[in-house]
Amino acid sequence: MRLPSFNYLEPITLTDALNLMEEYHGRAQPLAGGTELLPRMKLGLTHPTYLMSLKEIHELKGIKSNKNELYIGGMTSLREIFLSTLLQQKFLAISEAAGSVAAPPLRNMGTIAGNLCQDTRCFFYNQSYFWRRGLKPCFKAGGNVCYAVPGSKKCFSVYQGDLAPALIAFNAKVRIEKKGSSRIIPIEELFSGKGEKPIVIADDELLTQVIVPIPEGIYGSSYRKFRLRNALDYPLVSAAAFLAIDSEKKVKSVKVVLGAAGPAPVIVKEAEDILKGKKVEESAINEIAEAAYKRAQMVDNLGLPASYRKKMVRVFTKRAIENAFNSIK
Amino acid sequence: MKLDRKIVEIGRIIPRIDAFNKVRGLEKYASDYHSKDMIWVGVKRAGIPHARLKKIKIDKAKHLKGVIDVLTHKDVKGTNRQGVVRKDQPVLVDDKIRYAGDAVALVLAKDKKVLMHALSLIAIDYEPLPLIFDAEKAINDKKNLVHEDNPDGNVLLHGKIETGKGNKAFSECDLVVEASFEVPYQEHAYLETEAGWAILDSDGMLTITVSTQTPFRDRSEVAEALGLDIKKVRIIAPYCGGAFGGKDGITVQTLLGLAALTVPGKPVKIWLNREESFISSVKRHQARLYYKLGAKKDGKLHALDVRFFYDTGPYDHLGGVVMALGLEHSGGPYHIPNTNLKGWVVYTNNPIGGAFRAFGVPQVTFAMEQMVDMVAKRLNLSPLEIRLRNVIKKGDKIPIGTTMLSSTGITDCLNILKQHPLWKERERWKRDAPIFKKRGVGIASIMHAMGYGPVVPDYANAKIELTEDGKFRIFCGVVDMGQGNINSYMQIAANILNQDIDNIELILPDTEKTLSSGSSSASRTTYTFGNALIDASKTLKEYILNRVADLIMAKSIDEFTMVPGKIIHLPTGKSFLLKEITKFLNDSERIVTKHYRAPVSKELVSIDERLRLHGIPHLIFSFVSHLAYVEIDELTGEVEVKKYLSITDSGKIINPQILEQQIHGAIAQGLGYAIYEDFVVEDGKAKTLDFSTYIIPTAMDLPDIESINVELHESSGPFGMKGAGEINTNGPLPAVANGVADALDIRIFRSPLTGERILMALKEKKEMSN
Ligand SMILES: Cc1cc2nc3c(=O)[nH]c(=O)nc-3n(C[C@H](O)[C@H](O)[C@H](O)COP(=O)(O)OP(=O)(O)OC[C@H]3O[C@@H](n4cnc5c(N)ncnc54)[C@H](O)[C@@H]3O)c2cc1C
Ligand code: SF4
């Protein structure tokens, strides 16, 4: 369980970092807080030759806003996001999601970019060498078997990041840069939906910023996470909900996103049709929960059986919507 | 100034002297030993649960560059057997593989990388044997045996006790309740995995520094298994980084010894990683229990029938003793005149069941405390009332038919609970449950024995010295695995000798320097060594005062008082520095050794010789009552313990802080056992090999714990105390289970009480009522 050897790069400006990424032909793996990458390296799941730490690049840190948008630097810590009063007031779900990641020491180190770009997970994959030895590599490890769903043709590993569902609920975008160019995409496009390689970001690109449009009018949001313990655990199911209403309490817009329900965050698209223009009532919430239940893709590859986790999709979808509604002041 | 001031009081908080070094990372644990020229040693584990060994192919590994040697059973010169009671575990497998964690070969390599590679090159040729994995079924299996040479087949030990009219008394009962229960393995999950360091010096002395609870027993075991003269084996036991019973006996000692013998003059090191520790180490026994409890209309418990099966895996370890203690406690702290109690501890090919804080009692307590609640419910009595009507008083017979003779505070524990706001306000708290939550309150009452029982001598030898610079040095032969007993020893000596803690020094267990004092286990360390130390300290004080009195021709030693660093002659006010006095004492006055042996039960009723040999009956017991406020999420099934109350009778208190740490720690471990911890084994293979699958609670998952102490004086104990290290581990599982039943009207017969399990039970209940 020792960290394998690697070469270490530590640029102090974004330009240097992007130059290095080009120079090393994508072999310089970005290292943010290291709380997700280093454990994977210790387990022998990935072997980067170069680690490029972003921690000295101050231009990537901090939260700013103008009238229309909120900007969170890629290297902003989860702690800072959790404690920001602006987020607590206007983007409750994002703050709740950040505050629910792992445990305080990991939130001090962990960053928003690292959180978004984390790999998918599976009980049969995130294991030590000791555990895996003697087993043929599965799809995710470059082989052609799956232990979670024997006989299947693809990987069902799960995206368990907490921030993405909350950010997607707010229609957030990310800025992705490489030497000489920059593009902005909706966060959902960051995810391929494939367990084998879940994050679509090129080897020479960096995620530099998260941009969240500031919603207008009356709205609320919430992030609900199901886990065994009140600290340390990844979500076993989670749901983020955003809800905007008009002066008659009719729903103007709604977005419900599931976490840990497949290889990418799952948008419950039905929510808009079910609730838009209506009042928030239990039957409608139930209907969305049912749609969420159907969309969730679960197999037995996390700490609890899929059947139980799937049942929890309904419960947590409802709770997220109800809490979002109750948070409207 | 009042000269007679006691500097270190008994009953006051003396901050732990080990704490500061430990939190700064300065304390050197066994796993911290390191040197440039050391050799890494690793174990090839069987990986399969049951097979006849045919051949071990080691050539490839042996020829790998950087490998110093590869050893198998052929290199073991002694008996190649280890074990606390029955010596049935090989150091390295020679005939049969009996569980996946069996050690088959030992590799010595220059570094860890080579070591890992070499281990992967060893191949084992074997003939698979049918798996024995169900303890209850295995008792009648005469064909498939774990140990062919065991006279009782797969049964390691069977105990039975009948009192009164036994089962015949059920016909006299107004009501009878029956149920069966299951509990899984619990893993100790100590921070410091098994580790040690050894060297064979040029005089042929083998020194092993190891994380252990039992240095003196280890010494004999190493000598015997490896064929060495016991005088040539030395065990040094630093503070353990946790143990909880898991280091009561051999973990890596014999392997370290074997490796060191191969490379004289060179230090060797073993340090298991977490997976290897989980695979190979002992666990709390998984068990299946069948209970039948009968009562009279007035709520008096009248008859009890118990049958239980403890799965001890492939080796005895302490399985027989664990089962016996379970049997002794199977009827709880109640007076039940007619009992029929039977226990089996059985060999299988599962992981080893062994010693774990509370030692066989949590399993039976889970069952018995729920049974009592079930009877109470049928009789429309409150759980507290039924307990108050049945708990034993001093002089009563306990369910195994022996007489309770120690201080007996269980009624006091329950009466304090009765007056406590958490009990009085429980109905209001339950009514205030938020939406989708159900609340319940559960209680449990428990007794727990201390010490080794009637046959195996429960002794300690305390040695204390007035040093050349006028301080006092305690030679401590019993390990501090984290419970803080060593601090209490210093407090005791300082109190008797009227010194500051700073004037007391301490030598940690070392078979060359300190004296044999038994294991760090059985809630006995402060009681047994403490008694010996009181005697030694008082005697030393007398020697010193006598010497001074003689020197200055004083009338008697009553004219003197000892204060920190000196002695004062009261009539003249003259003082004498201890560092001066010490020059006038020769070694036999300066150093005092005292032996203490704990009293044992003299009753011979109802308990056969084999059970007596395995430690029952006991003489001295501690008591607790527990109360848990539980809240259940109706939609996820998850249980949250909101508040926890423990009321403990462990006699008088020496250091309230250490006692409270023991109570809180035990409850935390008990809540882990109650709600989260489930060591899963399938086909003899452990499935939960790290902390991402074996879930233990974090600080965020524990409730506020309030602990109250009854403080009855136990006349045989040092300053009136008795054992406290284990008892509180027993309460959380039954208290939470009773709380769940109170909230949902559902009984969960299988632990842990996970959300999923509760949700299923809720669903079943709903379907039944539809
Ligand atoms: C015990 C434990 C519990 C955890 N629990 C949770 C949890 O509950 N919820 C949760 O969401 N996570 C959890 N995590 C994972 C992790 O701690 C967090 O996701 C954290 O936010 C990751 O951020 P980081 O800065 O440490 O990422 P790193 O480990 O530094 O990086 C993660 C990945 O992102 C890539 N990356 C980092 N920055 C960039 C960038 N700017 N551009 C492109 N790629 C980049 C890295 O190359 C790497 O592949 C847990 C981790 C541990 C060890
Ligand atoms: S889901 Fe299958 S392929 Fe994917 S990581 Fe798990 S075992 Fe491997």
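Hydrogens, waters and symmetry mates play no part in the numbers below; they use all other heavy atoms, side chains included. Convention: sequence-line order gives letters A, B, ...; per-chain numbering from 1. These numbers come from a predicted model, not from an experiment.
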Q) Have B:E187 and B:S281 got a donor and an acceptor in their side chains that come within less than 3.5 Å? A) yes

Q) Can A:R121 and A:Q160 be counted as having a side-chain donor-acceptor contact under 3.5 angstrom? A) yes

Q. Hey, are A:S238 and A:Y223 close enough side-chain-wise for a donor-acceptor pair under 3.5 Å?
A. yes

(Q) Under 4.5 Å from any heavy atom of chain B, what part of A:R314 do you find: side chain, backbone, both or neither? (A) neither

Q) So which part of B:D690 gets closer than 4.5 Å to some heavy atom of chain A, the side chain, the backbone, both or neither? A) side chain

Q: Please state whether the side chain, the backbone, both or neither of A:L228 comes within less than 4.5 Å of a heavy atom of chain B.
A: both

Q | Which atoms of B:F691 approach chain A - backbone, side chain, both or neither, heavy atom under 4.5 Å | A | backbone

Q: Select one option (side chain, backbone, both, neither) describing which atoms of B:T693 are under 4.5 Å from chain A's heavy atoms.
A: side chain

Q. Is it the backbone or the side chain of A:Y234 that comes under 4.5 Å from a heavy atom of chain B, or both, or neither?
A. neither

**Q.** B:Y33 six-ring centre to B:K269 NZ/CZ under 6.0 Å and within 45° of normal
**A.** no

Q | B:K687 portion near chain A, given a 4.5 angstrom heavy-atom threshold | A | backbone

Q: Would you mind telling me which of B:I279, B:L689, B:L759, B:I696 has the largest number of heavy-atom pairs within less than 4.5 Å of chain A?
A: B:I696

Q.
Taking ring pair (Phe, Tyr, Trp, His ring centres under 6.0 Å) as the criterion, tell me which of B:Y185, B:F278, B:Y676 meets it with B:Y694.
A. B:F278

Q) Can you name the closest pair of heavy atoms from B:E276 and B:V43 and give their distance? A) OE2-CB, 3.5 Å

